[in-house]
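It should be emphasised that the depicted structure is a prediction, and the values quoted were computed from it without experimental measurement. Whatever order the structure lists them in is the order used to number ligands and atoms, beginning at 1. Numbers here simply count residues along the sequence, with the first being 1.
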Amino acid sequence: MHKNFKNIDKVVFGRGSFSEMEGILEQKRNENARFFLYVVDNYFKGKDLEKRLPAKPEDIVRFIDVDPHEPTTEQIDALRDEVMVTKGIPAGVVGIGGGSIMDIAKAISLMFTNEGSSELYQGLNLIKKPGIYHLGVPTISGTGAEVSMTAVLTGPVKKLGLKCDWTVFNQVILDPELIASVPVDKWLYTGMDTYIHCIESENGILNNAYSHAFADQSLKLCREIYLGGNAGQTPENDDKLMVASMMGGLSLTYSEVGVCHALSYGLSKILGEKHCYANCLAFQHLEDYYGEGVRELKQMLVQHNVTLPQGLSKTWSDETITAMAHVAYNLPHMWNHAIGTDWKEKVTIDTIKDLYRRL
Ligand code: NAD
Ligand code: ZN
């Protein structure tokens, strides 16, 4: 079957475009109980951006701490229930932050119209009804969560997205000024998520001319941003990173991620490591799968003086490694893409445990 995916309905791009939000939202304000729910990364509490929010007195602004844990089904259910009980169903949800906030905004927009716990909907096309209007404003770039059709949540049983056409944002505002304050380590780890999306998308059986074109352009931008004389957190590179993140996301959507993301999911689910950092931890040891990509990522780390810990697996019990290996093994679409349709003949739980022992 060929992939048939929905894109974001509308995108604004450009420095200062954050200020377009008020006009965009006003056209939607009369829906449902006529208020907006803003979910904003706690980093912005007390910062200039808080004053620039176009929130009206009837709106709810909720600052959310996204560290150290990734969004959970429990967190989404609790916020949905609280808002529903106090004010009803909002006209829309506005998410301002990184991948975590993008996923919270996407997930909660679906959960205002779908009954029960979000845990019931972790998977592909399990959502029964369209959600409410949702607008995303990324403030750190790389995950591609702003463009993807999934809202990744950690539930009691699995880390898996609510994935369907209705998950995709109705509107995204890409204002590169918002990512200027990201500290260098997070700028690198999160940017490397898009780099790894592209390397993995390119190296597997599902790669095609469409996914390749996005990956090719995104990788070119990543090299300009992270390598060579013009690398670094400049306004010009921030513009490029926002676009690279989107294109990396589009590339993997039409292809697939691979070995690194499978391992990363295990690290997140069992050890609580954050997605982009977990990817970097794993990717540095995957030379035999992604040789050139691994060498280039290491150069980027050196250029920006960011070091990754080594020897982590020495502190992990066999039980922990086995648990992570089971999480990774249960992502057959990733192994199928990276290794081939006969991947089960080549990759076993023991193979994956050995990969974790490299860390
Ligand atoms: P994040 O949202 O967790 O934020 C990372 C850190 O950056 C936080 O400390 C945050 O406070 C800080 N931050 C954000 N914007 C900032 C700014 N402008 N200035 C200073 N600090 C800022 O990070 P992320 O890496 O973007 O997202 C990770 C999440 O995305 C994970 O939960 C992962 O599962 C999810 N994800 C989703 C998809 C998808 O397609 N839906 C894809 C990849 C990852
Ligand atoms: Zn990723």
Side-chain angles (χ1 to χ4, degrees), residues 5 8 18 39-45 47-50 63-73 75-76 95-107 110 122 134 136-155 158-164 167-169 172 175-201 218 233 238 241-242 245-246 248-253 256-265 267-269 272-280 282-283 331 334:
F5 289 143
I8 308 164
F18 185 80
V39 285
V40 186
D41 190 312
N42 202 40
Y43 168 81
F44 293 105
K45 192 156 178 49
K47 305 262 184 346
D48 180 53
L49 183 134
E50 183 178 358
F63 289 95
I64 297 179
D65 191 349
V66 300
D67 295 319
H69 299 299
E70 299 195 328
T72 63
T73 51
Q75 181 184 20
I76 298 297
I96 304 173
S100 303
I101 294 284
M102 295 296 102
D103 284 350
I104 291 171
K106 291 196 279 187
L110 296 167
Q122 284 182 284
H134 48 306
V137 186
T139 64
I140 179 169
S141 288
T143 65
E146 64 278 20
V147 72
S148 78
M149 63 176 301
T150 185
V152 184
L153 298 180
T154 302
K158 49 198 169 188
K159 178 185 170 186
L160 195 64
L162 314 187
K163 190 170 182 184
C164 70
T167 312
V168 183
F169 278 114
V172 166
D175 183 345
E177 284 179 0
L178 302 180
I179 68 172
S181 55
V182 175
V184 66
D185 54 346
K186 291 176 184 176
W187 168 76
L188 196 83
Y189 300 141
T190 309
M192 287 307 100
D193 193 24
T194 208
Y195 180 82
I196 296 167
H197 289 159
C198 296
I199 297 291
E200 293 195 304
S201 167
S218 179
Q233 287 179 283
D238 287 347
L241 186 53
M242 284 214 130
S245 173
M246 284 245 295
L250 286 167
S251 179
L252 83 85
T253 299
E256 192 46 82
V257 286
V259 180
C260 178
H261 272 70
L263 298 179
S264 168
Y265 268 54
L267 289 163
S268 294
K269 175 74 186 134
E273 296 292 0
K274 292 199 77 171
H275 179 77
C276 302
Y277 181 62
N279 277 342
C280 292
F283 193 74
L331 294 161
M334 299 183 191

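The Zn ion (ligand 2) is closest to atom OD1 of Asp193 (considering only N, O or S atoms). With respect to the Zn ion (ligand 2), His197 has NE2 as its nearest N, O or S atom.
Lys274 places a side-chain N or O within 3.5 Å of a backbone atom of Val66 that can act as its donor or acceptor partner. Listed for the Lys45 side chain is no donor-acceptor partner under 3.5 Å among the backbone atoms of Ile64. Although no hydrogens or angles enter the test, the distance criterion places no donor-acceptor pair under 3.5 Å between the side chain of Ser148 and the main chain of Gly249. In this structure, Glu200 contributes its side chain and Val257 its backbone to no donor-acceptor pair below 3.5 Å. Between the side chain of His134 and the backbone N or O of Val168, at least one donor-acceptor pair lies under 3.5 Å.
Seen from the Zn ion (ligand 2), atom NE2 of His261 and atom NE2 of His275 lie 100° apart in angle, a value rounded to 10°.
Residues lining ligand 1 at a heavy-atom distance below 4.0 Å are given as Asp41, Tyr43, Phe44, Val66, Asp67, Glu70, Pro71, Gly98, Gly99, Ser100, Asp103, Lys106, Thr139, Ile140, Thr143, Ala145, Ser148, Thr150, Val152, Lys159, Leu178, Ser181, Val182, Pro183, Lys186, Thr190, Asp193, Lys274, His275, Cys276, ordered by chain and residue number.
A donor-acceptor contact under 3.5 angstrom links the side chains of Ser264 and Asn279, judged on distance only.
Partners of Lys159 by salt bridge (charged side-chain N to carboxylate O under 4.0 Å, His left out), not counting sequence neighbours, listed by chain and number: Glu70.
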